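These notes concern the structure reproduced below.
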Amino acid sequence: MANKLYKPLLIDSVLATADLPKQRFISFSGAVSGAGEKAYGICDVETESGQYAPVATTGILLVEAGGTITVGSEITSDANGKAITLGDNQKSNGYALDDGAEGDVIRIIRGI
């Protein structure tokens, strides 16, 4: 499988208030995003609680899928910070650029 394009336009940092896995949605408070929550961005590397985590906020980003995703779908976070298809009364965190299934790393675009 070919490597997927990763093109962050902005990477910021946030103080991790919990251990953060890489390629998951991160909340504004520095924890893994909850279900349907608006995310600050996606954590670039595994980060221990109390450390500053690099968070990609805008661009073409990589995130782990939490279920079946189809290209072009608007996505949000599940309870584990993974990408799922947006449902009613949930906040958008971008659009899928790849098809994927649970556990796949997919590309999304944020900031459009």
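All of these numbers come straight from a predicted model, not from anything done at the bench.
- Proximity of Leu86 to Ser73: side-chain heavy atoms (C-beta onward) are nowhere separated by under 4.5 Å.
- The salt bridge (charged side-chain N to carboxylate O under 4.0 Å, His left out) contacts involving residues 86-108 comprise Lys4-Asp98, Lys82-Glu102, Asp98-Arg107, where partners must be two or more places apart or lie in separate chains.
- Of all the heavy atoms in Asp44 and Ala56, the pair that sits closest is OD1-CB, 3.9 Å.
- Residues satisfying the side chain to side chain donor-acceptor pair (under 3.5 Å) criterion with Ser27, sequence neighbours excluded, are Ser29.
- Scanning all heavy atoms of the two residues, the minimum distance from Gly34 to Ser77 falls at O-OG, 3.3 Å.
- Sorted by first then second residue, the salt bridge (charged side-chain N to carboxylate O under 4.0 Å, His left out) pairs that include residues 49-61, not counting sequence neighbours, number zero.
- For the residue pair Val32 and Pro21, the shortest heavy atom distance occurs at CG2-CD, 3.8 Å.
- Among all heavy-atom pairs drawn from Leu20 and Cys43, the shortest one is CB-SG, 4.0 Å.
- Think of Leu61 as one node in a network of Ile, Leu, Val, Met, Phe, Trp and Tyr side chains linked at under 4.5 Å; its network also takes in Tyr6, Ile11, Phe25, Ile42, Leu62, Val63, Ile69, Ile75, Val105, Ile106, Ile108.
- Connectivity analysis of hydrophobic side chains (ILVMFWY, heavy atoms under 4.5 Å, direct or indirect) links Leu97 to Leu5, Ile60, Tyr95, Ile109, Ile112.
- Not a single side chain to side chain donor-acceptor pair (under 3.5 Å) links Thr58 to another residue, sequence neighbours left out.
- Within the structure, the ring-ring contact (aromatic ring centres under 6.0 Å, His included) test picks out the following pairs touching residues 33-55 (sequence neighbours left out): Phe28-Tyr40.
- A donor-acceptor pair under 3.5 Å is absent between the side-chain atoms of Gln51 and the main chain of Glu48, judged by distance alone.
- Counting all heavy atoms, side chain and backbone alike, Pro54 lies closest to Thr47 at CD-OG1, 4.1 Å.
- For residues 12-41, the salt bridge (charged side-chain N to carboxylate O under 4.0 Å, His left out) pairs, not counting sequence neighbours, are Arg24-Glu64.
- To the nearest 0.5 Å, atoms OG1 (Thr17) and CD1 (Ile26) are separated by 9.0 Å.
- Listed by first and then second residue, the salt bridge (charged side-chain N to carboxylate O under 4.0 Å, His left out) pairs involving residues 66-80 amount to none (not counting sequence neighbours).
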